[in-house]
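Here is the structure we will look at, set down as structure tokens.
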Amino acid sequence: MDFNLPEEIQILRETVRRFVDKELIPLEREYRHDSEGPMPDHLLKPLQEKTQAMGLWMLDVPAEYGGAGLGLLPRCIIHEEIARAASLPFRSLELFGPEVRPVLFHCNEEQKKRFLEPVLRGELKFCFAQTEPDAGSDPANMRTRAVQDGADFVINGTKRFITAAGRADYAQLMAVTDPEKRARRHHLFCGRFEESRRGSRTAMANDDGRSALAARF
């Protein structure tokens, strides 16, 4: 059995490794994400221009939407190399363009124009709201409810440790629609909650205001 990486993946690894050595590791002298918050635009934008020129833009976004359409293995190799630098976070990594959750590609056309396309263009940001105070990230024990009311859903619950909530334009929210089917997949509701909607409360959980970590609906 051959455990060596395919030649094209080895070339990709070397390319990203050189980029990390040349661009990211030297940047640690003036910026570290773990102590200074999100990377400022004057540092991030030039890096994004370089990754886009390298063809490493929106890594897992299908080519039909303007992304690289990479599979799991090349993405793992890329992130393994990027993780060698302390200048960028492992999560909410914007170096390769906007982060796009796969569920957005399954929206209807009206929803894609409203939620997907602005994210792809970099006009909107979103956060993923699943973790709760009493359930952690276990979907089977979530307590946030989504109750259908005509064409709408009424959301009640609390989310916590939501990365980038403080700078998101909307949230992809996980909630329970049927408590009796808690152990089955189809009881889960994944909706897009626009944070400007009345009834949401977002609380800052750290001193420097870098990110909002909790929200109550």
Side-chain angles (χ1 to χ4, degrees), residues 5-25 27 31 33-34 37-130 162-174 190-195 210-211:
L5 293 171
E7 182 179 1
E8 65 272 16
I9 299 297
Q10 294 184 37
I11 294 173
L12 173 65
R13 180 174 60 183
E14 292 303 318
T15 300
V16 177
R17 180 169 295 178
R18 288 194 297 269
F19 173 78
V20 171
D21 290 340
K22 180 180 178 181
E23 304 289 348
L24 299 185
I25 292 179
L27 194 60
Y31 170 81
H33 77 90
D34 52 359
M39 180 177 285
D41 282 346
H42 75 276
L43 296 177
L44 179 61
K45 294 299 183 183
L47 293 174
Q48 289 180 324
E49 291 174 1
K50 292 174 181 177
T51 58
Q52 195 165 13
M54 294 164 61
L56 300 177
W57 191 248
M58 296 193 292
L59 303 179
D60 59 347
V61 174
E64 63 185 284
Y65 293 100
L70 296 182
L72 182 59
L73 179 57
R75 284 187 283 128
C76 286
I77 295 299
I78 290 170
H79 284 279
E80 183 179 49
E81 292 300 325
I82 295 297
R84 295 169 48 234
S87 53
L88 288 171
F90 180 75
R91 302 180 65 180
S92 295
L93 182 62
E94 296 180 307
L95 175 64
F96 303 109
E99 182 182 8
V100 184
R101 293 277 176 168
V103 68
L104 292 177
F105 299 118
H106 298 281
C107 293
N108 61 39
E109 293 305 312
E110 187 276 330
Q111 292 169 336
K112 286 180 181 179
K113 291 183 182 298
R114 185 175 177 183
F115 297 107
L116 171 62
E117 293 177 8
V119 171
L120 294 174
R121 294 193 297 265
E123 299 167 0
L124 293 181
K125 296 180 183 294
F126 68 89
C127 60
F128 181 67
Q130 175 171 312
I162 308 305
T163 302
R167 50 196 176 94
D169 297 289
Y170 68 90
Q172 291 182 19
L173 179 77
M174 298 292 289
C190 183
R192 291 157 296 279
F193 187 92
E194 296 171 273
E195 298 206 38
R210 281 182 294 164
S211 59

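Only this structure's heavy atoms are used, side chains among them; waters, hydrogens and symmetry mates stay out. Just so it is clear, the model here is predicted, and its values are computed rather than measured.
- Within the model, atoms CZ of Arg13 and CD1 of Ile78 stand 12.5 Å from one another, a figure rounded to the nearest 0.5 Å.
- In this structure, Arg101 forms a cation-pi arrangement with Phe128, its terminal cationic atom sitting closer than 6.0 Å to the ring centre and no more than 45° off the ring axis.
- Taking the six-membered ring for Trp and thresholds of 30 and 60 degrees, Phe96 and His79 have ring planes more than 60 degrees apart, a perpendicular arrangement.
- Considering only heavy atoms from C-beta on, Leu47 comes within 4.5 Å of Phe19 through its side chain.
- Among all heavy-atom pairs drawn from Cys127 and Ala168, the shortest one is N-CB, 3.7 Å.
- The backbone N or O of Trp57 lies less than 3.5 Å from no partner atom in the side chain of Gln52, so there is not a single donor-acceptor pair.
- Between Asp60 and Val100 the shortest heavy-atom distance is OD2-O, 4.4 Å.
- Although no hydrogens or angles enter the test, the distance criterion places no donor-acceptor pair under 3.5 Å between the side chain of Arg75 and the main chain of Leu59.
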Can you list the steps and then say if Gln10 with Glu14 is a side-chain contact (heavy atoms from CB on, under 4.5 Å)?
CA-CA 6 Å; Gln10 294 184 37; Glu14 292 303 318; 5.7 Å; no
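- In terms of heavy-atom proximity, Leu12 sits nearest to Pro74 at CD2-CB, 3.6 Å.
- Counted within 6.0 Å of CD on Glu123, heavy atoms from surrounding residues, nucleotides or ligands total more than 12; the atom is thus considered enclosed.
- Contact of the Val16 side chain with the Ile77 side chain is not registered, since no non-hydrogen atoms from C-beta on lie closer than 4.5 Å.
- Between Glu94 and Lys125 there is a side-chain heavy-atom pair separated by less than 4.5 Å.
- Taking CZ of Arg114 as the reference point, atom CG of Leu116 lies at 13.5 Å (rounded to 0.5 Å).
- Between the CG atom of Asn108 and the CZ atom of Phe115 there is a distance of 10.0 Å, given to the nearest 0.5 Å.
- Tyr65 and Met58 get closest at one heavy-atom pair: O-CE, 4.0 Å.
- Between Leu73 and Pro6, the shortest heavy-atom distance links the atoms CD2-CD, 4.4 Å.
- The nearest pair of heavy atoms linking Pro98 to Leu120 is CG-O, 3.9 Å.
- Val119 is listed as a side-chain neighbour of Tyr170, based on a closest heavy-atom distance under 4.5 Å.
- Atom CG of Leu124 and atom CG of Asp169 lie 4.5 Å apart (nearest 0.5 Å).
- Salt-bridge check for Glu109 with Lys112: passed, with a basic side-chain N closer than 4.0 Å to an acidic carboxylate O.
- Atom CD1 of residue Ile11 and atom CG of residue Leu5 lie 11.5 Å apart, to the nearest 0.5 angstrom.
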Show, in sequence, the C-alpha distance, side-chain angles and deciding distance for Arg17 and Arg84, and conclude whether the side-chain contact (heavy atoms from CB on, under 4.5 Å) test is met.
CA-CA 9 Å; Arg17 180 169 295 178; Arg84 295 169 48 234; 3.5 Å; yes
